[in-house]
Structures are given as C-alpha cells and as structure tokens.
Protein chains: 2
Amino acid sequence: MTHSCRTLRSFSRAVVNAHYDGRMPRRSAEDRAPSQVDVARAAGVSTQTVSRVISGHPNVRPETARRVMAAVDAVGYRWHAAAASLASGRTRTIGVILVSTARYSTSAILLGAEGAAAEAGYTVITASVPQHSGPAAFTDAFDRLERQGSEGIVVLAPVGFLAEALGSRVERTPTVGHRQSDGIGADALIDQRAIARMATEHLLDLGHRTVWHVSGDEFWQESSARRDAWEAVLLERGATPPPVIPGDWSPASGYRAGRTIAAIPDATAVFVSSDEMAFGVIRALHEARRAVPGEISVVSVDDIALAAYATPALTTVRQPFEEVGRAAAMRVIELIEQREPVSVEPLRPELVLRASTAPPKG
Amino acid sequence: MTHSCRTLRSFSRAVVNAHYDGRMPRRSAEDRAPSQVDVARAAGVSTQTVSRVISGHPNVRPETARRVMAAVDAVGYRWHAAAASLASGRTRTIGVILVSTARYSTSAILLGAEGAAAEAGYTVITASVPQHSGPAAFTDAFDRLERQGSEGIVVLAPVGFLAEALGSRVERTPTVGHRQSDGIGADALIDQRAIARMATEHLLDLGHRTVWHVSGDEFWQESSARRDAWEAVLLERGATPPPVIPGDWSPASGYRAGRTIAAIPDATAVFVSSDEMAFGVIRALHEARRAVPGEISVVSVDDIALAAYATPALTTVRQPFEEVGRAAAMRVIELIEQREPVSVEPLRPELVLRASTAPPKG
DNA sequence: TTGTACGCGTTATCAA
DNA sequence: TTGATAACGCGTACAA
C-alpha cells in the first residue's frame with residue numbers, strides 16, 4: 001500500500017484496487033492460449049461462426065458445427081470468460097453476501113443458491129461479512145461483488161439497517177433478500193411471523209397458559225419479526241406475554257437462557273428461536289432437574305439434521321433452507337433478465353411434531 | 001438448446017455454452033458506463049495515469065492522484081473487472097468445489113477460504129457437486145470453474161478417485177485439497193490419521209480393552225484414513241480390532257450404528273467418526289438403557305458448536321475447519337503466484353475432553 | 001512522473 | 001447460413 005493510495009482512502013473506496021503486487025509480464029505471442037481465431041483457421045470458417053457454435057446459437061449447419069468442434073479439440077481451445085464479458089457486457093455472475101458464522105443454515109442456503117444459479121447458467125461468487133458488522137462492512141461487500149461483475153446480489157443477512165446502508169445501490173444492481181417489508185425479494189423468503197405463530201399456537205393449543213420466548217440475535221430481523229408475532233398471538237389469545245429472554249442463536253446463549261427459565265417456577269412452555277439454542281436450553285433445564293416436556297415444553301425453529309436426535313427429540317418449525325437459497329437465486333436472476341417472477345408456491349414453514357412438547361400437567 | 005448443440009455434446013463439453021437465451025443489444029455509445037477514458041478527460045490526464053491510480057501503483061504524484069479520484073467520483077466511474085482480466089491475463093479468482101450436503105464444516109471451511117482469499121485480493125467462486133457423484137461430476141465442476149477464469153481450485157471433497165478423475169487438469173490449474181498422499185496441498189489439510197490415533201489412544205489409555213469404530217461415508221478418504229489408523233493403534237497396543245460399523249456421517253446412520261452397538265454386550269468404548277453421528281449413537285444407546293459413559297464411552301470428531309450441548313457433552317477431536325479453509329486458500333494462491341509456501345505451523349487436531357468418556361467400570 | 005500506442009479474445013452489427 | 005469488421009475497457013511496453 002503506497003502513501004498516495006492511503007491518502008486516497010477518503011475517495012471512492014469502491015474503486016481503488018488495494019492489491020498491487022508488481023506487474024505481470026505479457027505473454028509472448030507464441031505461448032498464447034488458443035483462441036477462437038486459431039479454431040477458425042483450423043476449421044476453415046470465420047471466428048464469428050466459431051463464436052456461434054461455442055455459444056450454442058441456433059442457425060448453424062450441423063456439419064459446420066461439427067467441423068468447428070473438431071477444430072476446438074484439435075487446437076485445445078478453451079473459452080475465455082473475461083473476453084466474452086467485455087464484448088457482451090454480461091458476466092452471468094451473481095454475488096452472495098454471507099455473515100461469517102459457520103452454521104448449517106448458511107451452507108444449506110448457499111448450496112441451494114449455487115445449484116439454482118448453475119442450472120440457469122450463472123456462477124456464484126461470495127463475500128463474507130464479520131458477525132455484528134456495521135453498515136460499512138455490508139456496503140464494502142456489496143461493492144466488492146459489484147466490482148467483480150455481479151449482475152445481481154443475494155444478501156443472506158437480514159439485518160435491520162441494510163436498506164439504508166445499501167441505499168441506491170440496489171437500484172442499479174438487482175438485490176434480493178433483505179427486508180421483506182421493502183418488497184424486495186419478498187417471495188424469496190419465509191414468513192418469519194408465520195413461524196412464530198405456528199410455534200406459539202402449538203403450545204397454546206396444548207393447553208399452556210402462556211409461552212416464554214428465547215429470542216435470536218437482535219442483529220437479525222428474524223428475531224424481532226418472530227418476537228412481535230409471538231407477542232401478538234399471546235395477546236390475541238388473552239395471554240400475558242412474559243419478558244423476552246435474549247439469545248444470540250448460539251447454543252451457549254440458549255444454555256444461559258435455560259438457566260433463567262429453570263428459575264421461573266410457573267414457566268411451562270418456551271418458544272426458542274433456533275434449534276441450536278434449544279439444545280442449550282434443554283441442557284440447562286436438565287441440569288436443573290426440570291423435565292422436558294414433563295414440566296416444560298420447548299418448541300424451536302429450523303429443523304436441523306440434529307433436531308431429531310436431541311434428548312428429547314425437538315418439536316420444531318422447519319425452514320426449507322435449500323429452497324430459500326434456490327428461490328433467492330432464481331429471483332435475482334429473474335430481476336437481472338427482467339422477467340416477470342414465475343409464480344411459484346410460497347415457501348412454507350412446517351411444524352414438525354416430535355417429543356419436546358406436551359400438555360401442561362395437572 | 002438447439003439441435004446442433006445437442007449433437008455436439010459428444011465433443012468437448014467443457015467448451016460449449018449451454019445457456020443461449022437471445023442476444024443482448026449493445027448499448028449505444030451515449031449511455032455507456034463511464035470508463036477510464038472519461039475519467040482521464042475529466043481529470044486532464046492520460047488513461048494510463050488513471051489506471052495507475054486505480055490499481056494502486058506507486059510513483060504517482062499525490063496531487064495527481066487526488067485529481068484523478070475526484071474525477072472518478074465526478075463521472076461516476078466504476079472499475080470493470082472483465083476488461084482488466086482481458087488485458088492483464090489475470091482474474092484473481094479461485095474456485096471451490098463443494099459436495100452439496102449442508103453441514104457445519106462446509107460453511108466453516110468455505111468462510112475461512114473466502115476470508116483468506118479476500119485478504120489476498122482474490123474472489124471465490126463455488127461449484128457444488130451432488131453427494132455420491134461419480135468422477136464426471138467432479139471434472140464438470142472443475143471445468144466450470146476453469147471456464148469462469150479460476151486461477152486455482154480448492155477441492156473440498158477428499159474422495160478417492162479425484163486424482164485420476166482430474167488427471168492433467170491439476171497441472172495447468174493449481175489445485176489444493178485432494179489426496180494428501182499426492183502431496184498436493186498436504187499442508188492445507190489435517191492429518192486424519194492423527195485424529196483417529198488421538199481418539200483411539202484416549203479410550204485405550206482410560207483402560208478399555210478394545211475400541212469399536214463407527215466409520216464415515218466410504219466415499220470420503222477421511223473415512224478410510226481414520227479406519228486404518230484406528231486399526232493400527234489397536235494392533236500396536238495388542239488389542240483385537242472388532243468389525244467396523246459403517247456410517248455415512250449422518251445422525252441417522254449413527255443411530256443405526258448405535259443400535260448395533262447396544263446389542264454387543266462387551267462393547268465398552270466407541271470411536272465415532274463425526275459428532276453428528278455420535279448424537280445418533282448416543283440416542284440409540286440411551287434408548288437401549290446403555291449408559292454413556294457409564295457402560296459405554298464415546299469419542300467423536302469435529303467439535304461442532306453443539307458438541308458441548310449433547311447429553312452427555314461430547315468428548316471429541318476438534319478439527320479447526322475455518323483454518324483449514326484459510327490454509328487451503330492461501331496455499332492455492334501461493335501456487336498461483338508461484339511463491340514458496342510460507343511455512344506455517346501445521347493444523348493440529350485437538351482432543352477436547354468432556355463427559356462422554358470414562359474408564360470402564362469394574 | 002506521465003503519456004502514446006497497441007493488444008487482449010470475444011460478441012454484436014450488418015452485409016452477403 | 002455465414003463472414004467482415006468494429007467495438008468492449010483495461011493494462012503493458014516503451015518513449016518522453
């Protein structure tokens with residue numbers, strides 16, 4: 001990093017390339033990789049015809065196409081994405097912004113997005129943002145992805161300030177996944193309020209008087225959406241919402257919350273905002289000799305692979321993560337290609353009944 | 001997909017672009033995005049100077065640089081990665097091949113790789129391969145990444161046939177992560193035999209006569225490496241290796257294995273090849289009224305976030321996944337830049353003692 | 001420290 | 001159905 005570069009930091013950080021590390025010599029004409037020109041010469045056609053064959057355009061005589069492909073193999077030609085991008089103005093690349101916390105859901109959503117993108121002929125590039133970053137980290141990630149040529153961006157981090165942080169960026173580059181309330185990518189997401197509603201109503205239906213709540217990280221919009229819906233359901237049913245017990249998605253925070261709950265004599269039901277926290281909650285309850293679901297029922301959210309193997313097996317509201325990824329990717333691609341959204345069925349959470357809930361005793 | 005395209009499938013699949021969907025009109029000269037030419041004009045310098053400022057080259061007068069950056073902001077210039085790649089012959093992109101199963105380890109490794117790549121000024125693109133795919137799926141993924149301009153590739157899928165499947169590809173594009181025994185990227189990986197050794201020796205040291213083993217998916221090289229080392233340790237110590245109980249990394253397969261073990265009266269210790277399987281094993285044991293660790297000790301591998309919240313908390317051999325990702329990315333980048341490997345300390349697994357193991361009773 | 005000239009490999013346009 | 005030609009926007013070589 002040179003001095004001049006550092007002083008430039010105050011200007012458009014989105015533009016300056018920080019990684020100067022010496023120039024690369026240009027390769028001499030002889031050891032250049034074979035190009036469409038070489039193929040054209042070998043096949044006795046124009047480079048345009050080669051391009052058409054390579055790109056799968058219609059209106060090429062099969063015989064010609066075969067000659068071209070034979071030449072491709074003969075000269076060892078390989079397509080050059082950068083040159084194509086420069087000429088066509090398209091990169092067929094979408095970017096994904098991730099929060100850097102290793103979780104089952106992260107990989108599931110990413111895998112779904114990557115699969116859907118690949119099927120549509122797009123490539124996925126990722127940019128991660130440290131947990132609990134401020135707006136700047138998100139705009140940096142966004143800029144990085146744009147600079148690499150992302151034609152659209154999926155933000156897998158529903159944090160509250162995203163809309164303001166991203167600002168006008170989302171107008172020039174199609175963006176999906178932040179802020180359901182903005183209407184941006186609304187159908188790519190799961191209705192978080194519905195999740196909380198299903199969980200809370202399930203416990204109420206079992207006969208519990210009220211339901212306690214262990215919330216997720218306040219940084220994530222899911223957390224407040226679920227909290228609001230949980231509260232609304234209780235109020236609708238004439239129950240008094242107890243104070244929220246804060247968590248941060250981690251099992252450790254669930255454990256702390258569990259200790260709190262264990263100390264509340266009349267608590268009989270808890271809605272925990274993630275399976276991972278539920279493991280912590282249940283362990284704390286277990287250590288405090290409070291039986292689950294005998295004395296206290298627990299419902300959580302996600303249905304990770306391990307949910308069925310908790311003791312007791314978790315009753316939980318399943319989120320179809322992979323489909324979320326697929327839907328988000330498909331939606332950005334539709335936006336990029338300015339197609340109308342294909343009306344697919346909305347992604348529905350699903351209550352999976354297992355062994356961590358029961359009617360209150362007595 | 002046209003007819004001619006389909007008949008061409010028999011030729012180089014790595015070359016044909018399957019996704020023709022109409023040509024994009026070229027934008028007229030007026031609404032072209034601002035380029036370095038526009039910046040140069042606005043700043044009253046040459047495009048070359050603009051390029052130097054943007055790329056962070058040294059030897060630019062600070063005052064000039066400032067004028068350029070002001071012009072950048074004024075005209076709304078944005079760097080064009082494809083054009084830079086075409087001119088420089090470099091993409092600063094690395095590809096990562098993933099097996100499409102959502103797991104904690106997948107996201108942890110990926111996040112590590114992405115972070116390290118970003119620090120070095122590289123972008124990560126991903127390609128996923130369905131679980132249990134044959135060699136063709138891997139070569140397809142490899143080709144996809146190469147076509148997008150990956151200068152190096154990290155393969156996060158240590159399956160046995162990779163070396164043969166990839167063949168000469170790894171010579172033209174630096175590749176890390178498959179086959180420790182090949183010496184390719186050896187230091188980017190964790191010694192899987194050491195993991196099995198630590199686990200097995202821990203149980204033997206506690207006084208167990210022998211150790212049973214629940215293996216991982218045979219598709220992964222880890223599985224056989226660990227099995228071999230487990231067997232070797234038992235033999236060294238004069239114990240008789242019992243038959244291997246097969247698993248596939250999933251909690252469900254662990255559960256099945258657990259039922260098998262529960263039916264073996266003299267089993268007192270098990271080395272389970274992943275934490276997720278251990279959850280299944282312990283649940284099965286629990287249902288069969290076999291106390292853990294009272295009657296049977298369990299050691300597993302990974303140390304996922306939930307390991308500490310199993311009942312009992314899992315004694316497990318920790319794999320530093322994020323560092324694995326970092327190391328792999330750094331290693332490919334070194335190979336790309338033809339630098340000598342920076343000798344960092346090898347990644348060491350670590351035995352984390354918790355509550356699932358104990359000396360045999362009696 | 002700065003500028004001129006050229007080439008990188010492909011696709012869009014338009015004509016044949 | 002095919003071909004000639006002109007961009008696309010940047011980085012490198014080399015000269016000043």
Side-chain angles (χ1 to χ4, degrees), chain A residues 2-4 15 17 20-29 31-41 43-65 67-68 72 75 77-92 147 149, chain B residues 2-4 15 17 20 22-29 31-41 43-65 67-68 75 77-92 147 149:
Chain A
T2 65
H3 174 67
S4 63
V15 166
N17 290 325
Y20 176 73
D21 49 344
R23 28 220 304 184
M24 295 279 284
R26 181 160 272 164
R27 289 195 297 188
S28 65
D31 63 64
R32 229 177 49 246
S35 75
Q36 292 190 353
V37 175
D38 303 299
V39 176
R41 191 167 24 236
V45 297
S46 71
T47 62
Q48 185 45 233
T49 299
V50 175
S51 174
R52 276 193 276 256
V53 173
I54 301 299
S55 309
H57 283 62
N59 304 334
V60 176
R61 202 150 34 110
E63 163 53 22
T64 310
R67 270 216 329 278
V68 169
V72 161
V75 306
Y77 165 77
R78 318 188 52 226
W79 190 65
H80 192 115
S85 294
L86 181 57
S88 70
R90 301 222 36 203
T91 59
R92 289 186 154 275
R147 283 164 40 80
Chain B
T2 64
H3 173 68
S4 64
V15 166
N17 288 325
Y20 176 72
R23 24 219 307 183
M24 296 279 286
R26 183 160 270 164
R27 289 195 298 189
S28 65
D31 62 61
R32 229 177 48 248
S35 74
Q36 293 189 352
V37 175
D38 302 299
V39 176
R41 190 166 26 233
V45 298
S46 72
T47 62
Q48 185 41 235
T49 301
V50 176
S51 175
R52 276 193 277 257
V53 174
I54 301 300
S55 309
H57 283 62
N59 304 335
V60 176
R61 199 150 36 109
E63 163 53 22
T64 310
R67 271 217 329 280
V68 169
V75 306
Y77 167 77
R78 317 185 53 226
W79 190 66
H80 193 115
S85 295
L86 183 57
S88 70
R90 301 224 35 204
T91 59
R92 289 186 155 274
R147 284 164 40 81

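First the proteins, then the strands, lettered A, B, ... as listed; each starts at 1.
- Looking at residues two or more places apart in sequence or on another chain, you find a side chain to side chain contact (heavy atoms under 4.5 Å, CB included) between B:R78 and A:E146, A:R172.
- Between the CG atom of A:L86 and the C1' atom of C:dG7 there is a distance of 12 Å, rounded to whole Å.
- The side chain of A:R61 places an N or O atom within less than 4.0 Å of a non-bridging phosphate oxygen (OP1 or OP2) of D:dT2.
- Per the geometry, CZ belonging to A:R52 stands 8 Å off P belonging to D:dT2, to the nearest Å.
- For C:dC8, the OP1/OP2 oxygens have no side-chain nitrogen or oxygen of B:S85 closer than 4.0 Å.
- Across the interface with DNA chain C, nearest-nucleotide mapping of B:A83 and B:G44 shows B:G44 to be the residue nearer the 5′ end.
- Look at B:S35 and you won't find any side-chain N or O under 4.0 angstrom from OP1 or OP2 of D:dG9.
- Out of D:dC10, D:dT2, C:dT10, the shortest distance to the side chain of A:V60 is found at D:dT2.
- Here A:Q36 reaches the OP1 or OP2 of C:dT11: one of its side-chain N or O atoms lies under 4.0 Å away.
- Residue contacts shown for A:S51 include a base, since a base heavy atom lies under 4.0 Å away.
- Considering only the side chain of B:A87, D:dG9 comes nearest among C:dT4, C:dG9, D:dG9.
- Going from atom CZ of A:R32 over to atom C1' of C:dG9 covers 9 Å, rounded to whole Å.
- For B:Q48, the listed nucleotide lying nearest its side chain is C:dA5; candidates were D:dA4, C:dT2, C:dA5.
- Between B:R90 atom CZ and D:dG11 atom C1' the separation is 13 Å, expressed in whole Å.
- Among the nucleotides C:dC8, D:dT12, D:dG3, the one closest to the side chain of A:V45 is D:dG3.
- Taking five base pairs at each end of the helix from C:dT1-D:dA16 to C:dA16-D:dT1 and finding the rotation axis that steps the C1' atoms of four pairs onto the next four gives two axes whose angle is 20°, to the nearest 10°.
- Listed candidates were C:dT13, D:dT1, D:dA13. Nearest to the side chain of A:T64 is D:dT1.
- The NE2-C1' distance, from B:H57 to D:dT12, rounds to 9 Å in whole Å.
- Contact check, B:S55 against D:dC10: no side-chain N or O comes under 4.0 Å of OP1 or OP2.
- Here the closest non-hydrogen pair linking B:A65 and B:V53 is CA-CG2, 3.9 Å.
- Computed from coordinates, the A:N17 CG to D:dC10 C1' distance equals 11 Å when rounded to whole Å.
- For the residue pair A:N59/A:R52, the side-chain donor-acceptor check at 3.5 Å is not satisfied.
- Taking only side-chain nitrogens and oxygens, A:T49 comes nearer than 4.0 Å to OP1 or OP2 of D:dG3.
- No engagement by B:T47 is indicated, since no non-hydrogen atom pair under 4.0 Å with the nucleic acid exists.
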